[in-house]
Amino acid sequence: MLDRRFILENVDLVQQNCEIRGVKADVPRFAQLETERRTLQQEIEELSRQANAVSKSIGKAKDDAERESRKQEGRRLREEKDQKQADIDRISAEGDAIYNRIPNLTHAETPHGGEEASQELRRGAIEVRPMSFPILDHVALAEQHKLVDFEGGARIAGHGFYFLKNEAVLLELALQHFTIDLLVKEGFTPMITPDLARNEIVQGVGFVPRGPETQIYSIENHDLNLVATAEITLGGLYAGQVLEEEQLPIKLCGISHCYRTEAGAAGRASRGLYRVHQFTKVEMFAFTLPNQSEDMHNYLCNLECEIFDSLGLPYKVLDIASGDLGGPAYRKFDLEAWMPGRGSEGEYGEVTSTSNCTDYQARRLNIRYKKKGEKGTDFVHTLNGTAVANSRAIIAILENCQQADGSIIIPEVLQKYVGKERIGAVE
RNA sequence: GGAGAGGUGGCUGAGUGGUCGAAAGCGCCGGUUUGCUAAAUCGGUGACCGGUUCACGCUGGUCCGCAGGUUCGAAUCCUGUCCUCUCCGCCA
């Protein structure tokens with residue numbers, strides 16, 4: 001969320017920002033309510049002050065009669081205070097409903113508009129390879145090489161679940177291992193995170209844990225939800241804490257399963273492994289000083305590029321348009337990898353995403369840092385980025401690395417982890 | 001899962017209804033002293049939300065895990081909840 005005071009002082013700017021993001025929020029109304037709330041709050045504090053003074057005087061009262069009259073006075077003051085508090089609660093409820101919808105500010109270079117306005121920043125090092133043979137999609141390839149059991153997954157847990165088998169398992173482990181090795185070299189602390197998280201944390205990171213628009217599975221009779229990404233657990237790690245300035249930046253990478261209800265998604269675009277209810281992901285997360293976050297964002301994006309370049313997969317990098325950003329993101333880059341089997345003649349499909357959330361998440365999660373030698377604290381900046389989302393990376397690998405003879409050459413950097421060079425080698 | 005104990009400032013830890021934002025010690029910051037360091041000694045030392053000020057600052061409120069309740073008044077009493085520790089049970 002944004003700083004309340006900042007909103008009051010920049011009503012027009014915040015309103016405009018809502019508009020470019022396609023968010024309906026009545027900022028002037030919020031400002032009005034917030035101003036009222038502040039006035040009331042001051043009145044309450046004055047009443048509290050008086051009541052406190054009265055209470056203190058009771059201990060020193062010289063006789064019972066005076067004591068009793070002072071008690072009356074105290075009661076009266078606190079009742080009056082409670083009245084005003086009820087007013088505040090009412091005003092706050094309306095104000096907060098608006099406040100919670102107000103998204104983060106937007107980077108100056110972010111293109112304005114909807115999904116189609118997102119701007120291509122660059123391409124990866126590897127060109128799309130022309131294939132002079134009938135191209136199979138990953139579902140066909142997986143079937144041919146017995147890599148995924150979709151029917152089995154559906155029988156166990158329903159559509160959107162699957163068993164990985166054989167080399168797909170090795171490939172998944174290899175992707176994780178390769179990525180973690182790379183990130184550890186870059187100074188990230190590797191973590192394996194909980195797959196469940198409390199409502200409070202889920203909400204703090206910016207996801208909606210329950211209710212009609214949720215994308216999150218929740219556990220009945222528990223204050224717990226299956227995480228949709230390790231962003232939730234890594235971001236929540238320091239909730240409510242004050243970090244030391246010299247600890248920053250903190251770079252974490254976490255392996256977790258990711259569970260998504262994917263309500264309302266269906267069709268060919270979600271065929272096979274593309275849109276599933278569970279997958280495994282290595283996520284990068286960073287806590288930085290405010291003036292470090294932009295550099296960190298570019299760094300995370302470059303790491304994503306490095307990973308996909310290393311895998312030998314063609315991709316493009318998009319600067320995501322304002323209307324397509326989630327609430328917490330100030331700027332977002334997506335990597336879309338070339339998937340030859342997607343659509344009728346191949347399409348790019350999103351494989352990773354990195355966001356700079358500036359202080360928006362930190363304010364919700366109450367993550368601060370203390371400046372050396374200065375009074376007070378300030379909110380950190382948080383950033384997240386996908387290092388590798390296994391299901392989609394596997395699609396890109398299977399489809400891009402297929403050969404005329406139907407075999408699949410395993411990306412060189414993964415071969416030592418998989419223990420072979422090719423899936424379905426012809427003798 | 002069952003039984004018990006406990007959660008207080010950066011840390012250790014006192015505090016069982018009022019003058020307690022909270023003793024004391026440690027740590028940290030500053031001064032004095034001292035060849036240097038150390039020691040000694042004196043003073044200062046939490047966060048958050050407001051008001052006021054050009055600013056140093058001054059000032060109100062809130063915070064003793066969290067949320068409620070009782071009371072004129074709660075760190076202290078009551079309820080719920082989360083967490084930690086010990087013992088028992090179960091278990092990869």
Side-chain angles (χ1 to χ4, degrees), chain A residues 1-9 30-93 95-96 99-100 192-204 209-210 218-225 232-233 236-248 250 257 290 359-380:
Chain A
M1 45 208 20
L2 296 181
D3 182 26
R4 288 170 184 267
R5 187 199 286 266
F6 177 86
I7 299 173
L8 284 187
E9 288 166 359
F30 169 77
Q32 183 196 340
L33 291 164
E34 178 65 8
T35 307
E36 273 180 56
R37 191 185 68 78
R38 279 167 188 252
T39 307
L40 276 170
Q41 188 61 45
Q42 278 181 47
E43 290 169 18
I44 283 182
E45 286 177 7
E46 173 58 19
L47 288 168
S48 279
R49 191 189 62 74
Q50 289 174 22
N52 288 344
V54 167
S55 290
K56 276 188 185 174
S57 75
I58 290 176
K60 297 175 196 149
K62 55 185 186 303
D63 57 48
D64 282 357
E66 186 186 333
R67 205 184 314 273
E68 203 43 52
S69 88
R70 301 261 77 188
K71 280 194 189 181
Q72 289 290 346
E73 175 71 0
R75 258 191 290 264
R76 189 186 64 72
L77 285 166
R78 294 204 195 252
E79 269 165 29
E80 200 180 326
K81 192 192 87 170
D82 288 347
Q83 290 267 321
K84 286 202 192 288
Q85 186 61 52
D87 291 342
I88 279 205
D89 291 347
R90 202 166 26 75
I91 288 167
S92 296
D96 287 353
Y99 182 53
N100 289 327
I192 291 178
T193 75
D195 283 348
L196 281 81
R198 293 184 202 290
N199 290 337
E200 186 194 335
I201 299 295
V202 171
Q203 234 154 5
R210 299 194 189 212
S218 54
I219 309 292
E220 195 179 7
N221 299 326
H222 292 269
D223 172 30
L224 288 170
N225 312 274
I232 292 173
T233 41
L237 186 60
Y238 293 112
Q241 310 247 304
V242 179
L243 304 167
E244 296 295 330
E245 181 174 9
E246 59 267 30
Q247 283 179 268
L248 299 169
I250 294 172
H257 292 122
D359 59 359
Y360 192 91
Q361 276 179 336
R363 189 169 282 112
R364 278 189 172 208
L365 290 165
N366 192 22
I367 307 173
R368 304 160 172 278
Y369 71 95
K370 195 170 169 46
K371 297 176 198 171
K372 196 78 181 168
E374 272 187 54
K375 270 185 82 157
T377 57
D378 202 357
F379 291 106
V380 301

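Residue numbering restarts at 1 for every chain, and letters A, B, ... go by the order of the sequence lines. The figures that follow rest on heavy atoms only: side chains count, while hydrogens, waters and symmetry mates do not.
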d([atom1], [X]; [atom2], [N]) in whole Å:
| X | N | atom1 | atom2 | result |
| --- | --- | --- | --- | --- |
| A:Ile58 | B:rA74 | CD1 | C1' | 14 Å |
| A:Asn366 | B:rC66 | CG | P | 12 Å |
| A:Leu77 | B:rU71 | CG | P | 17 Å |
| A:Glu68 | B:rG73 | CD | P | 13 Å |
| A:Lys56 | B:rC72 | NZ | P | 19 Å |
| A:Glu73 | B:rG73 | CD | P | 13 Å |
| A:Leu196 | B:rC82 | CG | P | 15 Å |
| A:Arg70 | B:rC72 | CZ | C1' | 10 Å |

Is it the case that more than 12 heavy atoms not belonging to A:Gln72 sit under 6.0 Å from its CD atom?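 Counting neighbours around CD of A:Gln72, more than 12 heavy atoms of other residues, nucleotides or ligands fall under 6.0 Å, so yes.
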
How about CD on A:Glu200, more than 12 heavy atoms from neighbouring residues, nucleotides or ligands closer than 6.0 Å, or not?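 Not more than 12 within 6.0 Å, no.
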
Watson-Crick or G-U wobble partner for [N], using a 3.5 Å limit on both distances?
| N | result |
| --- | --- |
| B:rC66 | B:rG80 |
| B:rG9 | none |
| B:rA92 | none |
| B:rU71 | none |
| B:rC28 | B:rG44 |
| B:rC58 | B:rG51 |

Hey, are [X] and [Y] close enough for a salt bridge, meaning a charged N less than 4.0 Å from a carboxylate O?
| X | Y | value |
| --- | --- | --- |
| A:Asp87 | A:Arg90 | yes |
| A:Glu34 | A:Arg37 | yes |
| A:Arg49 | A:Glu46 | yes |

A:Gln50 vs A:Gly74, nearer the 5' end of RNA chain B by closest nucleotide: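 Upstream on the strand: A:Gln50.
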
Can you tell me, in whole Å, how much space there is between the [atom1] of [N] and that of [M]?
| N | M | atom1 | value |
| --- | --- | --- | --- |
| B:rU62 | B:rG6 | C1' | 26 Å |
| B:rG57 | B:rA67 | C1' | 37 Å |
| B:rC83 | B:rG30 | C1' | 39 Å |

Taking the side chain of A:Arg78 as heavy atoms from C-beta outward, which of B:rG18, B:rC82, B:rG73 is closest to it?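 For A:Arg78, the side-chain atoms sit closest to B:rG73.
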
Can you give one letter per nucleotide of nucleotides 47-60 of chain B, 5' to 3': B if a protein heavy atom sits under 4.0 Å from the base, S if only from the sugar-phosphate, - if neither? SS-SS--------B

Out of curiosity, A:Gln85 CD to A:Gln83 CD, how far, rounded to the nearest 0.5 Å?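 The distance works out to 11.5 Å.
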
Whether A:Arg198 side chain and A:Asp223 backbone form a donor-acceptor pair below 3.5 Å: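 Checked: no pair found.
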
